[in-house]
Amino acid sequence: MASNVNPTVRRRRLGQELRRLRELKGMTAEEVAERLLVSQSKISRLENGRRSISPRDVRDLCGVYEVEDQRMVEGLMEMAKASRQQGWWHAFGDIPYSVYIGLETDAESLRVYEPQIVTGLLQTPTYAEAIVRGGSPESSDAEIEKRVQVRLRRQERINADKDPLRLWVVLDEASLRRVVGDNNVMREQLEHLNEMAQLPHITVQILPFDVGAHSGLAGQYAILEFADAADSSVVYIEGVTSDLYLEKAPDVQKYSLMYEHLRAQALNPERSRQIIADIAKVYARGGGVD
């Protein structure tokens with residue numbers, strides 16, 4: 001395994017291999033949990049890469065699955081050791097969506113639908129601060145600063161000189177018209193959005209109000225895809241107290257189809273950039289947006 005693969009992806013790949021071994025043995029997660037005297041949720045979290053896994057966990061699971069190839073066992077244990085290393089985001093302390101950051105850091109492409117605000121990867125520092133402060137009014141200035149810095153660090157993926165993250169974003173018109181911060185913050189944000197939208201690896205489309213009902217009414221979601229065939233696509237849905245990660249093929253396919261409908265209903269990229277520019281000019285004049 002390449003040394004530059006981040007720990008989240010390592011855990012995910014290791015979990016997939018452990019699930020494969022369990023299924024080859026014809027055992028359920030519940031049966032494995034009973035053998036090891038642990039909870040079924042622990043087995044599930046180990047397999048889906050949501051929990052740190054130790055070499056001892058791997059050894060015990062391989063024992064239950066009667067893996068006879070010692071080189072395979074040792075290789076999986078080495079993967080477990082590597083998966084316990086820390087990614088760059090750990091330097092910022094406890095980040096509630098650290099699993100997502102790990103996946104985003106390694107993703108090849110990302111499709112996002114955002115109904116309320118400009119998506120995080122395309123936010124300016126002042127807009128990001130206003131979003132964080134407004135969404136977490138109880139947080140301290142230090143906590144807000146930390147969250148903004150994490151958001152800006154994530155943006156290195158789309159600003160990379162080599163193999164930048166391919167980003168496709170569908171924004172509801174509401175995200176342009178909701179005044180976050182003040183008119184100057186919004187003007188700067190929309191001008192930055194338009195600038196980023198002209199990069200060859202970034203596409204932005206606006207879903208206008210007059211579309212009416214559409215497939216994104218359930219809310220925000222993102223679809224992450226990876227270059228390595230061993231890594232299945234993931235649908236990420238952000239929650240208030242917990243996040244949802246969908247990896248089963250039927251679920252990913254359903255959300256991908258929903259996204260295709262959104263892209264078809266949204267304005268084309270050129271028309272979208274014009275709408276963004278027009279609204280930015282209104283903010284520049286200091287007026288509200290009708």
Side-chain angles (χ1 to χ4, degrees), residues 1-87 89-90 94-108 110 221-239 241-256:
M1 180 174 297
S3 60
N4 62 345
V5 177
N6 75 60
T8 302
V9 174
R10 287 191 182 104
R11 286 203 307 268
R12 190 164 174 250
R13 292 179 184 174
L14 178 55
Q16 291 171 343
E17 181 61 19
L18 292 173
R19 182 188 297 117
R20 185 186 70 83
L21 292 173
R22 175 177 61 77
E23 292 173 346
L24 284 174
K25 189 63 178 175
M27 300 180 70
T28 65
E30 184 177 8
E31 290 171 337
V32 175
E34 289 178 356
R35 286 279 299 274
L36 295 178
L37 301 179
V38 299
S39 66
Q40 181 180 345
S41 64
K42 175 178 179 178
I43 302 301
S44 297
R45 289 175 66 82
L46 290 178
E47 290 186 352
N48 62 27
R50 305 292 179 261
R51 176 177 177 142
S52 179
I53 183 168
S54 69
R56 180 175 179 176
D57 289 329
V58 171
R59 184 197 63 192
D60 292 345
L61 288 168
C62 286
V64 172
Y65 304 148
E66 298 179 342
V67 179
E68 297 180 354
D69 188 340
Q70 191 59 32
R71 288 180 301 178
M72 173 182 287
V73 176
E74 292 174 357
L76 294 176
M77 291 176 68
E78 284 298 318
M79 289 176 66
K81 290 180 182 179
S83 73
R84 296 171 73 84
Q85 297 175 3
Q86 294 188 334
W89 51 93
H90 288 95
D94 184 27
I95 304 297
Y97 56 102
S98 60
V99 171
Y100 172 78
I101 295 177
L103 294 173
E104 182 186 83
T105 299
D106 201 64
E108 180 181 51
L110 176 63
Y221 65 92
I223 305 173
L224 301 103
E225 295 173 311
F226 304 86
D228 196 312
D231 299 319
S232 57
S233 299
V234 180
V235 175
Y236 169 71
I237 303 172
E238 184 177 0
T241 58
S242 62
D243 300 328
L244 182 62
Y245 298 86
L246 304 176
E247 301 181 55
K248 294 181 179 179
D251 294 333
V252 175
Q253 183 177 17
K254 181 175 180 61
Y255 273 87
S256 294

For this session: Could you pull out all residues at least two apart from Arg59 that satisfy salt bridge (charged side-chain N to carboxylate O under 4.0 Å, His left out)?
Result: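 Residues passing salt bridge (charged side-chain N to carboxylate O under 4.0 Å, His left out) with Arg59: none at all.
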Please identify each residue that fulfils salt bridge (charged side-chain N to carboxylate O under 4.0 Å, His left out) with Glu23, with sequence neighbours left out.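 Once residues adjacent in sequence are excluded, Glu23 has no partner under the salt bridge (charged side-chain N to carboxylate O under 4.0 Å, His left out) criterion.
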Roughly how far, to the nearest 0.5 Å, is the [atom2] atom of [Y] from the [atom1] atom of [X]?
{"X": "Asp106", "Y": "Leu224", "atom1": "CG", "atom2": "CG", "result": "10.0 Å"}
{"X": "Asp60", "Y": "Leu37", "atom1": "CG", "atom2": "CG", "result": "10.5 Å"}
{"X": "Met79", "Y": "Leu14", "atom1": "CE", "atom2": "CG", "result": "4.5 Å"}
{"X": "Ile43", "Y": "Arg22", "atom1": "CD1", "atom2": "CZ", "result": "8.5 Å"}

Task: Listed partners of Ile237 passing side chain to side chain contact (heavy atoms under 4.5 Å, CB included), at least two apart - done: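 Residues passing side chain to side chain contact (heavy atoms under 4.5 Å, CB included) with Ile237: Tyr221, Val235, Leu244, Leu246, Tyr255.
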Qualifying residues under side chain to side chain contact (heavy atoms under 4.5 Å, CB included), relative to Lys42, sequence neighbours excluded
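If we apply the side chain to side chain contact (heavy atoms under 4.5 Å, CB included) test to Lys42, skipping adjacent residues, the hits are Val38, Ser39, Leu46, Arg51, Asp57.
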Checklist entry - Does the side chain of Leu76 reach to within under 4.5 Å of the side chain of Leu61, using non-hydrogen atoms? => result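 SC-SC contact between Leu76 and Leu61 ruled out.
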Note to self: I'd like to check Val252 versus Val234 (side-chain heavy atoms, cut-off strictly below 4.5 Å). Are they in contact?
What the structure shows: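 No - every pair of side-chain heavy atoms lies 4.5 Å or more apart.
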Practice item. Would you mind telling me which of Cys62, Pro55, Ser54 makes a side-chain contact (heavy atoms from CB on, under 4.5 Å) with Val58? Key: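 By the side-chain contact (heavy atoms from CB on, under 4.5 Å) criterion, Val58 pairs with just one of Cys62, Pro55, Ser54: Cys62.
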> Which pairs count as side-chain hydrogen bond (donor to acceptor under 3.5 Å, both in side chains) when at least one residue sits in residues 64-73, sequence neighbours excluded?
Replying inline: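 Only Lys25-Glu66 qualify under side-chain hydrogen bond (donor to acceptor under 3.5 Å, both in side chains).
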Using the side chain to side chain donor-acceptor pair (under 3.5 Å) criterion, which residues pair with [X]? Sequence neighbours excluded.
{"X": "Arg20", "answer": "Glu17"}
{"X": "Glu225", "answer": "Ser109, Arg111"}
{"X": "Glu104", "answer": "Tyr100, Arg154"}

So which pairs with a foot in residues 241-256 pass salt bridge (charged side-chain N to carboxylate O under 4.0 Å, His left out), sequence neighbours left out?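 Every pair satisfying salt bridge (charged side-chain N to carboxylate O under 4.0 Å, His left out) with a residue in residues 241-256: Arg12-Glu247, Arg50-Glu247.
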Got a sec, which pairs hit salt bridge (charged side-chain N to carboxylate O under 4.0 Å, His left out) with one end in residues 31-41, sequence neighbours left out?
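Listed by first then second residue: nothing to list.
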Note to self: Under the criterion side-chain contact (heavy atoms from CB on, under 4.5 Å), I'd like the reasoning laid out for Tyr236 against Ile223: C-alpha separation, chi angles, the key distance, then a yes or no.
What the structure shows: CA-CA 6 Å; Tyr236 169 71; Ile223 305 173; over 6 Å; no
Q. Are there more than 12 heavy atoms of other residues, nucleotides or ligands under 6.0 Å from atom CD of Glu108?
A.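 Yes, the 6.0 Å shell around CD holds more than 12 heavy atoms from other groups.
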task: Considering non-hydrogen atoms only, spot the tightest contact between Glu47 and Leu18 and give its length.
output: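 Residues Glu47 and Leu18, closest heavy atoms: OE2-O, 4.2 Å.
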